[in-house]
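Model, not experiment: these values are computed from the prediction. Residue numbering restarts at 1 for every chain, and letters A, B, ... go by the order of the sequence lines.
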Amino acid sequence: MITLITANWLLYLIALLIGVVTAFWIWAATGREASEVDNFDGDDGLLEKAGEPVQDPAPAPAPTPAPAPAPATPPAPKAAVAATAAAVAPKPAAKAAAPADAKPKIPDAVGEPDNLRLIKGVGPKLNTLLNGLGVTRFDQVADWKEAEIAEVDQYLGTFSGRITRDSWIDQAKFLAKDDIAGFEKKYGKL
Amino acid sequence: MPLLLENLLLLLVTFAIGLAIGWLIWGRDTESF
(Lines give C-alpha, C1' and ligand atoms only; values in the text may rest on other atoms or scores of the structure.)
Protein backbone atom coordinates (compact mmCIF):
# COMPACT_ATOMS: atom_id res chain seq x y z
CA MET A 1 0.00 0.00 0.00
CA ILE A 2 2.74 2.48 1.01
CA THR A 3 4.77 1.71 -2.09
CA LEU A 4 1.65 2.19 -4.17
CA ILE A 5 1.01 5.59 -2.60
CA THR A 6 4.61 6.77 -2.97
CA ALA A 7 4.66 5.60 -6.56
CA ASN A 8 1.39 7.32 -7.50
CA TRP A 9 1.23 10.24 -5.06
CA LEU A 10 0.70 12.72 -7.83
CA LEU A 11 -2.29 10.76 -9.06
CA TYR A 12 -3.83 10.79 -5.58
CA LEU A 13 -3.15 14.49 -5.21
CA ILE A 14 -4.99 15.07 -8.46
CA ALA A 15 -7.91 12.92 -7.25
CA LEU A 16 -8.01 14.94 -4.03
CA LEU A 17 -8.05 18.20 -5.98
CA ILE A 18 -10.78 16.90 -8.27
CA GLY A 19 -12.78 16.06 -5.13
CA VAL A 20 -12.33 19.58 -3.74
CA VAL A 21 -13.18 21.18 -7.09
CA THR A 22 -16.28 18.99 -7.39
CA ALA A 23 -17.36 20.00 -3.90
CA PHE A 24 -16.80 23.65 -4.76
CA TRP A 25 -18.87 23.25 -7.89
CA ILE A 26 -21.68 21.50 -6.02
CA TRP A 27 -21.94 23.73 -2.96
CA ALA A 28 -20.31 27.06 -3.73
CA ALA A 29 -21.14 27.59 -7.40
CA THR A 30 -24.55 25.95 -7.86
CA GLY A 31 -25.61 26.40 -4.22
CA ARG A 32 -25.49 30.16 -4.63
CA GLU A 33 -27.55 30.09 -7.82
CA ALA A 34 -30.11 27.77 -6.26
CA SER A 35 -30.42 29.99 -3.23
CA GLU A 36 -31.01 33.01 -5.41
CA VAL A 37 -33.77 31.19 -7.23
CA ASP A 38 -35.28 30.15 -3.91
CA ASN A 39 -35.05 33.61 -2.46
CA PHE A 40 -36.26 35.74 -5.30
CA ASP A 41 -39.40 34.41 -6.79
CA GLY A 42 -41.29 36.97 -8.85
CA ASP A 43 -43.86 37.92 -6.23
CA ASP A 44 -41.31 39.26 -3.79
CA GLY A 45 -40.14 42.26 -5.75
CA LEU A 46 -43.56 43.06 -7.11
CA LEU A 47 -45.19 43.06 -3.70
CA GLU A 48 -42.49 45.32 -2.33
CA LYS A 49 -42.68 47.72 -5.24
CA ALA A 50 -46.47 47.82 -4.94
CA GLY A 51 -45.98 49.18 -1.43
CA GLU A 52 -47.04 46.07 0.44
CA PRO A 53 -44.18 45.15 2.72
CA VAL A 54 -43.92 41.44 3.12
CA GLN A 55 -43.45 40.34 6.65
CA ASP A 56 -43.37 36.90 8.04
CA PRO A 57 -46.25 35.87 10.27
CA ALA A 58 -45.72 36.44 13.95
CA PRO A 59 -43.38 33.85 15.41
CA ALA A 60 -45.02 30.92 17.15
CA PRO A 61 -45.61 31.52 20.84
CA ALA A 62 -42.89 30.35 23.15
CA PRO A 63 -43.38 26.75 24.13
CA THR A 64 -44.99 26.29 27.48
CA PRO A 65 -42.74 24.64 30.02
CA ALA A 66 -43.04 20.91 30.13
CA PRO A 67 -45.17 19.62 32.97
CA ALA A 68 -43.26 18.50 36.00
CA PRO A 69 -42.29 14.85 35.74
CA ALA A 70 -44.56 12.46 37.58
CA PRO A 71 -43.02 11.12 40.74
CA ALA A 72 -41.36 7.81 40.06
CA THR A 73 -41.69 6.54 43.59
CA PRO A 74 -45.24 6.64 44.94
CA PRO A 75 -44.25 6.30 48.62
CA ALA A 76 -42.80 9.85 48.69
CA PRO A 77 -44.96 12.28 50.70
CA LYS A 78 -47.17 14.63 48.68
CA ALA A 79 -45.58 17.78 50.09
CA ALA A 80 -42.13 16.61 49.07
CA VAL A 81 -43.33 15.86 45.54
CA ALA A 82 -44.89 19.31 45.24
CA ALA A 83 -41.65 20.88 46.43
CA THR A 84 -39.57 19.02 43.84
CA ALA A 85 -42.09 19.86 41.12
CA ALA A 86 -41.85 23.53 42.04
CA ALA A 87 -38.08 23.32 41.99
CA VAL A 88 -37.99 21.55 38.63
CA ALA A 89 -40.67 23.58 36.84
CA PRO A 90 -38.95 26.99 36.61
CA LYS A 91 -35.87 25.56 34.88
CA PRO A 92 -37.39 24.79 31.48
CA ALA A 93 -39.29 28.07 31.60
CA ALA A 94 -36.09 30.02 32.14
CA LYS A 95 -34.36 28.10 29.34
CA ALA A 96 -37.18 28.75 26.88
CA ALA A 97 -37.37 32.43 27.76
CA ALA A 98 -33.66 33.14 27.28
CA PRO A 99 -33.42 32.87 23.45
CA ALA A 100 -36.74 34.68 22.95
CA ASP A 101 -35.63 37.65 25.03
CA ALA A 102 -32.08 37.76 23.68
CA LYS A 103 -31.82 40.57 21.15
CA PRO A 104 -28.80 42.35 19.74
CA LYS A 105 -28.09 45.84 21.01
CA ILE A 106 -28.68 47.70 17.76
CA PRO A 107 -30.73 50.78 16.83
CA ASP A 108 -34.43 49.97 16.43
CA ALA A 109 -36.15 50.01 13.07
CA VAL A 110 -38.23 53.11 12.48
CA GLY A 111 -41.13 52.87 10.07
CA GLU A 112 -42.76 50.22 7.94
CA PRO A 113 -40.87 46.94 7.60
CA ASP A 114 -39.12 46.12 4.31
CA ASN A 115 -38.85 42.77 2.61
CA LEU A 116 -35.35 41.78 3.69
CA ARG A 117 -35.44 38.82 1.33
CA LEU A 118 -34.59 41.22 -1.47
CA ILE A 119 -31.06 41.21 -0.04
CA LYS A 120 -29.23 38.51 -1.96
CA GLY A 121 -28.30 35.78 0.44
CA VAL A 122 -31.26 36.33 2.77
CA GLY A 123 -33.81 33.55 2.46
CA PRO A 124 -36.98 32.75 4.36
CA LYS A 125 -35.17 31.37 7.39
CA LEU A 126 -32.82 34.32 7.74
CA ASN A 127 -35.69 36.72 7.14
CA THR A 128 -37.67 35.20 10.00
CA LEU A 129 -34.58 35.17 12.19
CA LEU A 130 -33.80 38.82 11.45
CA ASN A 131 -37.39 39.93 12.03
CA GLY A 132 -37.26 38.14 15.36
CA LEU A 133 -34.12 40.09 16.23
CA GLY A 134 -35.84 43.37 15.43
CA VAL A 135 -34.17 43.86 12.06
CA THR A 136 -36.88 44.79 9.58
CA ARG A 137 -35.66 47.70 7.43
CA PHE A 138 -33.03 48.29 4.75
CA ASP A 139 -31.97 51.67 6.17
CA GLN A 140 -31.43 49.98 9.52
CA VAL A 141 -29.05 47.43 7.96
CA ALA A 142 -27.40 50.10 5.79
CA ASP A 143 -26.40 52.08 8.90
CA TRP A 144 -24.65 49.16 10.59
CA LYS A 145 -20.99 49.63 11.44
CA GLU A 146 -18.44 47.07 12.61
CA ALA A 147 -19.90 47.00 16.13
CA GLU A 148 -23.47 46.33 14.97
CA ILE A 149 -22.32 43.70 12.48
CA ALA A 150 -20.44 41.87 15.22
CA GLU A 151 -23.41 42.23 17.57
CA VAL A 152 -25.98 40.83 15.12
CA ASP A 153 -23.59 38.16 13.91
CA GLN A 154 -23.66 36.53 17.35
CA TYR A 155 -27.35 35.82 16.92
CA LEU A 156 -27.20 34.35 13.42
CA GLY A 157 -26.09 30.86 14.43
CA THR A 158 -25.14 28.85 11.35
CA PHE A 159 -25.57 31.98 9.22
CA SER A 160 -22.77 33.69 11.10
CA GLY A 161 -20.48 35.65 8.77
CA ARG A 162 -23.15 36.15 6.12
CA ILE A 163 -23.47 39.90 6.75
CA THR A 164 -20.00 40.64 5.42
CA ARG A 165 -19.70 37.68 3.07
CA ASP A 166 -22.89 38.60 1.20
CA SER A 167 -22.33 42.38 1.55
CA TRP A 168 -25.68 43.04 3.26
CA ILE A 169 -24.69 46.59 4.17
CA ASP A 170 -23.85 47.59 0.62
CA GLN A 171 -26.93 45.83 -0.75
CA ALA A 172 -29.13 47.48 1.88
CA LYS A 173 -27.71 50.91 1.00
CA PHE A 174 -28.93 50.50 -2.57
CA LEU A 175 -32.30 49.12 -1.48
CA ALA A 176 -32.81 51.79 1.20
CA LYS A 177 -32.28 54.47 -1.46
CA ASP A 178 -34.63 52.55 -3.77
CA ASP A 179 -31.75 52.50 -6.26
CA ILE A 180 -32.91 49.34 -8.04
CA ALA A 181 -30.82 50.07 -11.15
CA GLY A 182 -27.64 50.47 -9.10
CA PHE A 183 -28.44 47.34 -7.14
CA GLU A 184 -29.12 45.24 -10.22
CA LYS A 185 -25.97 46.52 -11.90
CA LYS A 186 -23.86 45.30 -9.01
CA TYR A 187 -25.76 42.29 -7.66
CA GLY A 188 -27.91 41.07 -10.54
CA LYS A 189 -31.62 41.21 -11.13
CA LEU A 190 -33.96 41.54 -8.20
CA MET B 1 -6.11 -7.76 -4.16
CA PRO B 2 -5.11 -6.91 -7.69
CA LEU B 3 -2.93 -3.85 -7.91
CA LEU B 4 -5.29 -2.01 -10.24
CA LEU B 5 -8.26 -2.48 -7.92
CA GLU B 6 -6.26 -1.29 -4.95
CA ASN B 7 -5.14 1.73 -6.91
CA LEU B 8 -8.70 2.57 -7.93
CA LEU B 9 -9.92 2.18 -4.37
CA LEU B 10 -7.26 4.57 -3.10
CA LEU B 11 -8.16 7.07 -5.81
CA LEU B 12 -11.79 6.85 -4.78
CA VAL B 13 -10.90 7.37 -1.14
CA THR B 14 -8.77 10.44 -1.90
CA PHE B 15 -11.57 11.82 -4.08
CA ALA B 16 -14.02 11.33 -1.20
CA ILE B 17 -11.61 13.07 1.17
CA GLY B 18 -11.39 16.00 -1.24
CA LEU B 19 -15.17 16.10 -1.45
CA ALA B 20 -15.41 16.11 2.35
CA ILE B 21 -12.88 18.94 2.62
CA GLY B 22 -14.84 20.94 0.06
CA TRP B 23 -18.08 20.31 1.92
CA LEU B 24 -16.50 21.51 5.16
CA ILE B 25 -15.39 24.71 3.43
CA TRP B 26 -18.37 25.59 1.23
CA GLY B 27 -21.19 23.16 1.90
CA ARG B 28 -21.82 23.31 5.61
CA ASP B 29 -23.86 26.50 5.75
CA THR B 30 -25.50 26.52 2.34
CA GLU B 31 -27.93 23.77 3.26
CA SER B 32 -30.56 25.85 5.02
CA PHE B 33 -31.08 29.35 3.78
Using residues 12-20 of chain A as the side-chain source, report each donor-acceptor pair under 3.5 Å to any protein atom, sequence neighbours left out, with the distance given to one decimal.
residue, atom, partner, partner atom, Å
A:Tyr12, OH, B:Asn7, OD1, 2.7

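- Partners of A:Asp139 according to the salt bridge (charged side-chain N to carboxylate O under 4.0 Å, His left out) rule, which considers only residues two or more places apart in sequence or in another chain, are A:Arg137.
- For residues 145-153 of chain A, heavy-atom neighbours of chain B at less than 4.5 Å comprise no residues at all.
- Here the side chain of A:Asn115 pairs a donor or acceptor atom with the backbone of A:Arg117 at under 3.5 angstrom.
- For A:Asp178, the salt bridge (charged side-chain N to carboxylate O under 4.0 Å, His left out) criterion is met by no residue, not counting sequence neighbours.
- Between chain A and the options B:Leu11, B:Ile21, B:Ile17, B:Leu12, the largest number of non-hydrogen pairs under 4.5 Å is found for B:Leu11.
- Seen from the ring of A:Phe183, A:Lys186 does not count as a face-on cation partner, given the 6.0 Å and 45° thresholds.
- Taking the six-membered ring where the residue is Trp, B:Trp23 and A:Trp27 present perpendicular rings, their angle passing 60° and hence far from 30°.
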